[in-house]
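First the proteins, then the strands, lettered A, B, ... as listed; each starts at 1. Every heavy atom of this structure was used, including side-chain atoms; hydrogens, water molecules and symmetry mates were not.
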Amino acid sequence: MISGYDDIPFFDEDPQLSGKPPAPKEKPAGGIAARAMAARDAHRTPDYLSGLNPEQREAVETLDGPLLVLAGAGTGKTRVLTTRIAHILATGRAYPSQMLAVTFTNKAAREMKERIGLLVGGAVEGMPWLGTFHSIGVKLLRRHAELVGLRSDFSILDTDDVVRLIKQIIQAEGIDDKRWPAKQFAGMIDGWKNKGLDPAQIPEGDARAFANGKGRELYIAYQNRLKTLNACDFGDLLLHPIRLFRANPDVLAEYHQKFRYILVDEYQDTNTAQYMWLRLLAQRQKGTPQNVCCVGDDDQSIYGWRGAEVDNILRFEKDFPGARVVKLERNYRSTAHILGAAGHLIAHNEDRLGKTLFTDRKDPDDDKVVVHAAWDSEEEARAVGEEIEQLQRQKHKLNDMAILVRASFQMREFEDRFVTLGINYRVIGGPRFYERLEIRDAMAYFRLVSQPADDLAFERIVNTPKRGLGDTTIRNLHDYARARDIPMLAAASDIIETDELKPKARKALFDVVTDFRRWQSLLETMPHTDLAEQILDESGYTAMWQADKSAEGPGRLDNLKELIRSMEAFESMRGFLDHVSLVMDAEQNAELDAVSIMTLHSAKGLEFETVFLPGWEEGLFPHQRALDEGGRSGLEEERRLAYVGITRAKRRCHIWFVSNRRIHGLWQSTLPSRFLDELPEAHVEVAEVEQSYGGYGRGGYGQSRFDKQEPFQNAYSTPGWRRAQANRTEATRDNWGSRSGHAVERVGYGESGPRSRMIEGELVAKSTTSEPSKFAVGDRVFHLKFGNGNVAAIEGNKLTIDFDRAGQKRVLDGFVERK
DNA sequence: CCGGAAGCCGTTTTT
DNA sequence: CGGCTTCCGG
């Protein structure tokens, strides 16, 4: 069971505690037994500490006072964090409930819980205050909602709700929402909240920048509206607790007393609001030590563009006087070449505390980091595909390989290629489970049942499925509700008693109101999963998808079932709603052996035996916009991103750049990234021409931009490299080896359509068997990526197809359908 | 209410 | 160029 927030009593979580915090055990009382135990413990290193290196151990054992752990990539950061917690528990310095441990993502929180569980044994039932900034914020707010003008059953709005709400507000103010898009304003509000700014505090310039000086006014209107809706946006989950603590020192003092140890992971990613939040909780009265431990890596700060303040970590020692700083630089992940390359690159940054990763690993067989050139992105994908096949032949698992791109549009080329080659892949990132239409609809039903003031939920589902409650009726109802300052559901309840609506609409609305009344009355008594199912059935929502004849229908019904199933892990509807608002992960299919494709941003924290880093070209990486908008610090963040990319690799790192890339539909020649020039020759080699340097007959482009450039002062002017340029041959045909099935997994992608973004799990072409193909030469077929074409030849399950637009390709038959 | 057509934009993403 | 959104018309 995943523990909800409301099952945990406030101060006496620990049965042993009987209402009082435990006496710290560092000074054993005078009893003989106690002294004996202390003596024994002094001579024995607990198991969990042995095996740590000296720095890690210092980070674990420095318990009193502020501590900053600068943990380089692959230096055992999570191990230190979890061991530290285990150590605090084992030495009896605090109960699990007296530790506040904050992470950025739910994934990180989950991982930490698991690993603590392994260390401490099942004894610790999670830690109630281990979670993301936001989930802990929710927990605080549920307890003290009334102090910030909310009720404790408040709703949490996601970005989509927020935009819709803002749009309404903009329109209500009589502002042209074309000229002043709600989305943009939502972004501005988010930015202000990241900085911890109330409407009164936003800079005058910002306030003027939107809608002819109405920025502040709109922000105020938005906050008022949220209050009426009894709702929070994500920013509020941080800001309300800050307000609450500032306005209620007594409440803050309770938490000061409660949290004996505070831990923050990924400190380099904290924004100003999170920083203020932390300062409030960490700054105790004079005399008591601030047991704050922040762990982070300034070299891996890659979220400046969304409000993260690297400065927080750079300034730690000033903020927390007397802080100890421990650097973890011994790397357990990568080869010396990989570390050498990454280290040399990141040394070009000025704004850093300065760390150098090292390893004892000495293996002459280790590969250097390899830089490859390709003619264009298609060739890049083809060559990467060939390398992957090569590795596969050497028995490397696809799960150990990843392609990390700067921008998601780069993924497509690789996907296309892998589909063609039959290489399994999974795409990580993008829209997720909870964002799917049917999930959001279902959630709106549940939200409205448990929080009747949630007008956004009401408006979302009042006419879904269709009930004949069109725009006119809804607008009437909306006005009616606003005029009386009551929620729309309540307004609906009133209005059906009047004759303001046409009989048909009135009846439909009556049914809706009656349904919700009934469901609300069941909320307390009926198990929430049963209720959820009943809601979806009785509302006609399930039936709506059952009646849907399109291809998506069945999938959506499956997703709804999955939603209900996932509710079982929660104790209440409320707990479940919080979970879905805050935790957006989709589960992965771990069974499937597949190459991972993701952005560099989502790769942070992961590691792979082999990493491919395509697209190292000026303009793409570093990205032009980062340079334009961020100047030097923008460039440095890009460089950190490159550093993150390289340091994901354990054994092999292959970097690519192309000479021509299609940008917004136009072919442009591109220059190799400056980051390539910043790699050290000692650890990097430039690939000789390996296999095909085809250009698919694009011989005319043979003059590469490259050849016209100033001579490179590094390896790219080597003979091998020049030969690579010269040796471009005509296209080699696709190289079909025999291989078994193929599967595509879309982790976290919702919605299907022409470009399917569904998790497909195992699918499509199961084998290379000799089973006779169900296609015949001459068949007219359709392929998802290549469009329509005619079958030209068949070998087993592989078809050669002349596509109308894409030319001749060889494709597994599972990927096409007969027209 | 649905669907075609026109227009717009074009990093990175969590909560 | 092309994908996605939005808008208007049937």
Side-chain angles (χ1 to χ4, degrees), chain A residues 102-109 131-138 156-163 167 177-178 181-184 187 190 193-194 232-239 265-266 269-271 273-274 277 301-308 404-412 428-432 434-435 463-471 548 550 578-585 598-605 615 619-630 634 637-638 640-642 644-645 661-668 748 751 753-755 757 785 787 805:
Chain A
V102 198
T103 62
F104 269 80
T105 62
N106 293 293
K107 196 175 152 214
T132 62
F133 277 99
H134 297 265
S135 67
I136 290 169
V138 172
I156 301 163
L157 305 186
D158 62 36
T159 30
D160 216 74
D161 293 322
V162 167
V163 171
K167 190 167 187 174
D177 69 311
K178 298 269 144 33
K183 215 170 166 183
Q184 189 195 337
D190 195 52
K193 291 190 173 180
N194 283 158
C232 279
D233 63 17
F234 285 123
D236 287 341
L237 298 180
L238 299 172
L239 287 194
D265 192 16
E266 305 280 15
D269 288 338
T270 44
N271 62 35
Q274 286 158 337
W277 187 98
S301 161
I302 55 175
Y303 286 110
W305 53 273
R306 67 172 196 213
L404 312 182
V405 298
R406 176 62 182 84
S408 38
F409 73 81
Q410 294 173 261
M411 294 179 180
R412 180 134 196 197
I428 294 168
R432 308 133 196 229
Y434 89 104
E435 284 176 323
N463 199 32
T464 308
K466 305 271 179 279
R467 301 183 172 98
L469 293 165
D471 279 353
D548 184 84
S550 73
D578 278 356
H579 172 82
V580 178
S581 315
L582 297 171
V583 181
M584 305 144 166
D585 309 340
M598 69 188 97
T599 63
L600 287 159
H601 283 91
S602 37
K604 194 168 75 154
L620 176 59
F621 193 33
H623 198 278
Q624 194 55 47
R625 250 173 103 164
L627 301 179
D628 293 346
E629 289 165 21
E637 185 155 309
E638 295 287 291
R640 290 193 290 269
L641 204 46
V644 166
R661 191 173 288 278
R662 213 157 62 163
I663 299 164
H664 305 332
L666 303 168
W667 281 100
Q668 305 214 277
E751 299 313 301
R755 247 204 108 188
R757 297 243 128 189
K785 307 243 158 158
R805 279 186 319 157

For this session: To the nearest Å, give me how far apart CG (Asn463(A)) and P (dC2(B)) are.
Result: 10 Å

Exercise. Using atom P of each nucleotide, how far apart are dG3(C) and dT12(B) to the nearest Å?
Worked result: 16 Å

For this session: Check whether the ring centres of His601(A) and Trp305(A) lie less than 6.0 Å apart, and answer yes or no.
Result: yes

Exercise. Starting at CZ of Arg661(A) and ending at C1' of dC1(C), how long is that distance when rounded to a whole Å?
Worked result: 16 Å

Exercise. How is Asn194(A) classified with respect to the nucleic acid when contacts are heavy atoms under 4.0 Å: base, sugar-phosphate, or nothing?
Worked result: nothing

Exercise. Using the purine O4'-C1'-N9-C4 or pyrimidine O4'-C1'-N1-C2 torsion, is dT11(B) syn (within 90° of 0) or anti?
Worked result: syn

Seminar exercise, completed: CG of Leu600(A) to CG of Leu641(A), rounded to nearest 0.5 Å, is 4.5 Å

Seminar exercise, completed: note: Leu600(A), atom CG; dT13(B), atom P; distance rounded to Å ~ 10 Å

For this session: Would you name the heavy atoms of Asp158(A) and Phe234(A) that are closest together and state the gap between them?
Result: CA-CE1, 4.0 Å

Exercise. dG2(C) phosphate, OP1 or OP2: any side-chain N/O from Arg412(A) under 4.0 angstrom?
Worked result: no

For this session: Apply side-chain contact (heavy atoms from CB on, under 4.5 Å) to Ala109(A) and list each qualifying residue two or more places apart in sequence or on a separate chain.
Result: Thr103(A), Leu130(A)

For this session: May I have the distance from Lys193(A) (atom NZ) to dT15(B) (atom P), rounded to whole angstrom?
Result: 18 Å

For this session: Could I get the full list of side-chain hydrogen bond (donor to acceptor under 3.5 Å, both in side chains) partners for Asp161(A), not counting sequence neighbours?
Result: Arg164(A), Arg447(A)

Exercise. What residues, two or more places apart in sequence or in another chain, satisfy side-chain hydrogen bond (donor to acceptor under 3.5 Å, both in side chains) together with Arg467(A)?
Worked result: Tyr445(A)

For this session: For Ser581(A) and for Lys466(A), locate the closest nucleotide of DNA chain B by heavy-atom distance; then report the residue assigned to the nucleotide nearer the 5' terminus.
Result: Lys466(A)

Identify each atom pair where a protein N or O and an N or O of nucleotides 8-10 of chain C are less than 3.5 Å apart, giving names and distance.
none

Problem set entry | Rounded distance in Å - CH2 (Trp667(A)) to P (dG2(C)) | 12 Å

Seminar exercise, completed: Whole-Å distance, Asp269(A) CG to dT15(B) P, equals 12 Å

Problem set entry | Student check: side-chain heavy atoms of Thr599(A) and Met411(A) closer than 4.5 Å | yes

Exercise. Can you find a heavy atom in the side chain of Asp578(A) that is under 4.5 Å from one in the side chain of Ile156(A)?
Worked result: yes

Exercise. Can you tell me how far P of dT13(B) sits from CG of Asn106(A), to the nearest Å?
Worked result: 17 Å

Exercise. When the P atoms of dT13(B) and dG2(C) are considered, how many whole Å apart are they?
Worked result: 23 Å

For this session: Using the test side-chain hydrogen bond (donor to acceptor under 3.5 Å, both in side chains), find all partners of Asp233(A) that sit at least two apart in sequence or belong to another chain.
Result: Lys193(A), Tyr222(A)

Exercise. What does Lys178(A) touch in the nucleic acid at a heavy-atom separation under 4.0 angstrom: a base, only the sugar-phosphate, or nothing?
Worked result: sugar-phosphate

Exercise. If you round to the nearest 0.5 Å, how far is CG of Leu239(A) from CH2 of Trp277(A)?
Worked result: 12.5 Å

Between N or O atoms, less than 3.5 Å apart, protein on one side and nucleotides 3-12 of chain B on the other: list the pairs.
unit_1  : atom_1 : unit_2    : atom_2 : d
dG10(B) : N3     : His664(A) : ND1    : 3.3
dT11(B) : O4'    : His623(A) : NE2    : 3.3
dT12(B) : OP1    : Ser408(A) : N      : 2.9
dT12(B) : OP1    : Ser408(A) : OG     : 2.3
dT12(B) : O4'    : Arg406(A) : NH1    : 3.1
dT12(B) : O2     : Trp305(A) : NE1    : 3.3
dT12(B) : O2     : Arg406(A) : NH2    : 3.2

For this session: Could you state the atom-to-atom distance from CD1 of Ile428(A) to C1' of dT13(B) in whole Å?
Result: 15 Å

